[in-house]
Amino acid sequence: FKNKVISDQITIEDLLRHTSGLSTELGRTFKTDPTFNYINFYTSKIKSIDLEDISERRYNYSNANYRILAYIIEEVTNRTFKDCLNSFITTPLGLVNTSADIKTKLINSYQYFLYYPIIPFEANLHPDEAASGLISSSIDNMATYLRHIMNAYNNHPNTKLSNHSVKQLFTKNE
């Protein structure tokens with residue numbers, strides 16, 4: 001942010017919980033040109049956000065949080081988001097029809113805005129869009145994923161997810 005002291009206080013949890021201070025509007029940026037540099041775009045935009053106090057950060061859903069989280073994953077692992085999704089989630093859970101490849105061969109779909117499917121999914125969206133809601137999956141893979149979550153939550157041994165991690169998904173944080 002404009003104020004580095006505030007920037008230094010933003011955590012990964014803040015990005016996950018949408019309490020980072022990033023606006024919904026910033027996350028509504030959708031590009032189709034694969035040469036567009038989202039990192040430069042976000043760096044410039046975020047440096048112009050002027051928060052005076054860390055308490056100004058309140059819940060505000062923004063796809064920008066997920067895109068930034070994907071960049072953090074890529075920086076930490078030195079791998080692409082798509083590769084990490086495959087290595088750490090889809091392959092271990094046996095989700096063979098789930099992908100962060102926006103040019104997947106699944107049926108066309110729509111992006112939602114306020115519960116209404118209004119934006120047709122474009123196969124030519126920027127690859128960095130995948131982390132902010134363009135992971136494609138078949139219904140049977142979604143059912144398998146849900147089964148893993150339910151099994152982990154209930155301490156059933158038939159899952160590769162940890163009970164502790166899944167419990168965190170369902171823990172309310174004021």
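What's counted below: heavy atoms across the whole structure, side chains too, no hydrogens, waters or symmetry copies. Heads up: numbering here begins at 1 and tracks the sequence.
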**Study point:** Flag for T24-N60: side-chain donor and acceptor within less than 3.5 Å
**Key:**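 Judged by distance alone, the side chains do pair up.
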Check your understanding: Are L22 and F1 close enough, and set up right, to give a side-chain contact (heavy atoms from CB on, under 4.5 Å), and what steps lead you there?
Key -> CA-CA 10 Å; L22 301 180; F1 292 101; 4.0 Å; yes
Under 4.5 Å between side-chain heavy atoms, hopping through other hydrophobics if needed: is there a path connecting [X] to [Y]?
| X | Y | answer |
| --- | --- | --- |
| M150 | M142 | no |
| L16 | F170 | no |
| F88 | L169 | yes |
| Y59 | I46 | yes |
| L85 | L15 | no |

Nearest-0.5 Å distance that lies between atom [atom1] in [X] and atom [atom2] in [Y]:
| X | Y | atom1 | atom2 | result |
| --- | --- | --- | --- | --- |
| D140 | L95 | CG | CG | 9.0 Å |
| I149 | S165 | CD1 | OG | 11.0 Å |
| D50 | N3 | CG | CG | 7.5 Å |
| Y145 | L93 | OH | CG | 7.5 Å |
| S7 | K2 | OG | NZ | 12.0 Å |
| I89 | H148 | CD1 | NE2 | 11.5 Å |

Please check if the side chain of [X] supplies one atom and the backbone of [Y] the other of a donor-acceptor pair under 3.5 Å.
| X | Y | value |
| --- | --- | --- |
| N141 | V96 | yes |
| S44 | N40 | no |
| S20 | D14 | no |

For the student: nearest non-hydrogen atoms of [X] and [Y], plus distance:
| X | Y | value |
| --- | --- | --- |
| S132 | R67 | OG-NE, 3.2 Å |
| A152 | S162 | CB-O, 4.0 Å |
| A130 | A100 | CB-O, 3.4 Å |

Review point. Is atom CD1 of I139 surrounded by more than 12 heavy atoms (other residues, nucleotides or ligands) closer than 6.0 Å?
Key: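 At most 12 heavy atoms, drawn from other residues, nucleotides or ligands, come within 6.0 Å of this atom.
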Check your understanding: With a distance cut-off below 6.0 Å to the six-membered ring centre and an angular limit of 45° from the axis, does K167 pair with Y153 as a cation-pi contact?
Key ->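 Positive - K167 is close enough to the ring of Y153 and near enough to its axis.
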Distance-only donor-acceptor hits, side chain of residues 68-77, under 3.5 Å, sequence neighbours excluded:
from	atom 1	to	atom 2	distance (Å)
Y71	OH	D128	OD2	2.7
E74	OE2	F81	N	2.9
T77	OG1	I73	O	2.7
T77	OG1	R79	N	3.2

Exercise for review: Run through N151, N154, N155 and flag the one making a side chain to side chain contact (heavy atoms under 4.5 Å, CB included) with N163.
Suggested key: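 Result for side chain to side chain contact (heavy atoms under 4.5 Å, CB included) with N163: N155.
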Review point. When F36 is tested against each of F41, F30, Y42 for ring pair (Phe, Tyr, Trp, His ring centres under 6.0 Å), which residue passes?
Key: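 Among F41, F30, Y42, the one that satisfies the ring pair (Phe, Tyr, Trp, His ring centres under 6.0 Å) with F36 is F41.
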**Study point:** Pair H18-Y66, side-chain contact (heavy atoms from CB on, under 4.5 Å): steps then yes or no
**Key:** CA-CA 9 Å; H18 298 282; Y66 291 123; 3.2 Å; yes
